[in-house]
A.B. asks: 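Dropping a structure here in structure tokens format, bear with me for questions.
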Amino acid sequence: MTDAVNTTEAMPPLGDMSAEDFRRFGHEVIDWIANYFEHIEELPVLAQIEPGALKAQLPSTAPEHGESMENILADVDRLIVPALTHWSHPSFFAYFATSTSAPGIFGELLSAAFDVKSMLWRTSPASTELEEVTLDWLRQMLGLDAGMSGFIYDTASVSSMHAIAAAREGIELRIREEGMSGRNDLPLLRVYGSEQAHSSIDKGIITLGLGQKCLRKIPADNKFRMNPKALAEAIDEDERNGILPFCVVATVGTTSTSSIDPVPAIVEICEQHKLWLHVDAAYGGSAAIVPEMRYILEGCDRADSLVLNPHKWLFTPFDCSVLYCRHLDLLRRAFSLVPEYLRTPEQEKVRSGSDYGVQLGRRFRALKLWMIIRYFGHEGLTARIREHCRLAQLFASWVNESPAWKLMAPTPFALVCFRACPTIEGESNENREKRLDGLNEKIMHGVNATGKAFLSHTKLNDKLTLRLSIGNIRTTEKHVKQVWDLLNGQLQSG
Ligand code: PLP
């Protein structure tokens, strides 16, 4: 026996926290969270700290001895909360506003307790089968056809990357086996997306080793939607030049304006040229559960894959992104690799998560989504999304009715793009646009600095544009009115 094995008396107690303490602190943490939500409006939405402020308050090395849970929880209040930007705040209107929900938090809690690694069916039959069933419920709620099978990844960026990998596998160039480097027999491969497509598509292409030049950006029309005629021309031109198109990415709910690409026209072109159509509905897709909004997925019954993020607009705690795919066989062919130590007798009869992506272990994300859908029901989720869209229309109507403000894009979902545009007589156009960019930036920073609301921006036709996104489960008309007053207050003082 070595000395190390002989010195057990000197060691701290082993094992986890006692059940008694777990119960006590567990109750305390749930109480803390309930309190947090009850009083969240007293906190500034955007963290009001300088970069480095939290780091400066934390020790630079890990504690040698364990600390009490009381002290750790006290530090959450003292150090962590002031350094948070509160995504759950009802006046969070930046980027795409999202939110967690109580059943989702319970799902996360249970999933952390189960701590399964859903890589093979047998390592978590519950995760594997609940995922299939829950995603099939969601598919039906969205009005998608039964040919689409769902699979959960962490983010839309990763879902889209996998969809493009499956599309590439489908062109039979043995890229899985032989790669793309050092080959003279490969033409330039091409993926198309609109100039408004999310940067995750560029990143997916970079990750897959296709190179940025593989992505051809198609111009959008004056409502920020992909121009299908320009797409058809680009494909024709590429084919004439010996380039091999294999995938088109259309977006339902673009990031800057939430515009909807004309999927029915795009899918027609894809079918003509035998190209994979991937639909990025990461933001907008959830709205299709609202019966009168199902039209947004028109044409998607002919798409090859579609991503939507319950962590964006289905009140699911981050992370949870769903990829619906018509060709799971290709996804499997692109990624399945089963070493001896992962072989199981049932593997041919069941679905194993690790066959469909780069990850081996996967979190049990279906649990929270299942709990959310059961708790709110299709009706409850629909009502919340419908209300967010109503609030966005209301805000857009205030912008429209005010001569000092202007809508910068249509509002098909719950995102309003707008800008202050007070006029000065005799000012040149160029000076005016520059002045308005500065003014709008100042208004946005002014509102954000109050801590009472948080907005973000984009550029549309080179003009700085403010974005108000409504997607938080706690946001009501009162909060939307408050941010409108804040904006007008800033405009008057600017
Ligand atoms: N696609 C669209 C249209 C988005 O708006 C976003 C993020 O806002 C993404 C993809 C990326 O989402 P994720 O953070 O899940 O990767």
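For ligands, and for the atoms within them, numbers begin at 1 and follow the listed sequence.
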A.B. asks: With ring centroids as reference points, do Phe418 and Phe395 lie under 6.0 angstrom apart?
C.D. replies: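 Between Phe418 and Phe395, the centre distance is under 6.0 Å.
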A.B. asks: Does Arg351 count as lying over the ring of Phe151, i.e. NZ or CZ under 6.0 Å from the six-ring centre, within 45 degrees of the axis?
C.D. replies: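 No - Arg351 does not lie over the ring of Phe151 by the 6.0 Å and 45° rule.
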A.B. asks: Salt bridge (charged side-chain N to carboxylate O under 4.0 Å, His left out): which pairs involve residues 275-294, sequence neighbours left out?
C.D. replies: Glu292-Arg386
A.B. asks: Tell me, which pairs form a ring pair (Phe, Tyr, Trp, His ring centres under 6.0 Å) where one or both residues lie in residues 289-311, sequence neighbours left out?
C.D. replies: His311-Phe318
A.B. asks: When you measure from the centre of the six-membered ring of Phe92, is the NZ or CZ of Arg474 under 6.0 Å away and within 45° of the axis?
C.D. replies: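 No, a cation-pi geometry is absent between Arg474 and Phe92.
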A.B. asks: List, pair by pair, the atoms of ligand 1 and of the protein that are both N or O and lie under 3.5 Å apart, giving the separation rounded to 0.1 Å.
C.D. replies:
| residue | atom | partner | partner atom | Å |
| --- | --- | --- | --- | --- |
| ligand 1 | 1 (N) | Asp280 | OD1 | 3.2 |
| ligand 1 | 1 (N) | Asp280 | OD2 | 2.7 |
| ligand 1 | 5 (O) | Thr255 | OG1 | 2.8 |
| ligand 1 | 8 (O) | Lys312 | NZ | 3.2 |
| ligand 1 | 12 (O) | Lys312 | NZ | 3.3 |
| ligand 1 | 15 (O) | Ala156 | N | 2.8 |
| ligand 1 | 15 (O) | Asn309 | ND2 | 2.9 |
| ligand 1 | 15 (O) | His311 | NE2 | 3.2 |
| ligand 1 | 16 (O) | Ala156 | N | 3.3 |
| ligand 1 | 16 (O) | Ser157 | N | 2.9 |
| ligand 1 | 16 (O) | Ser157 | OG | 2.5 |

A.B. asks: Which pairs count as ring pair (Phe, Tyr, Trp, His ring centres under 6.0 Å) when at least one residue sits in residues 207-227, sequence neighbours excluded?
C.D. replies: none
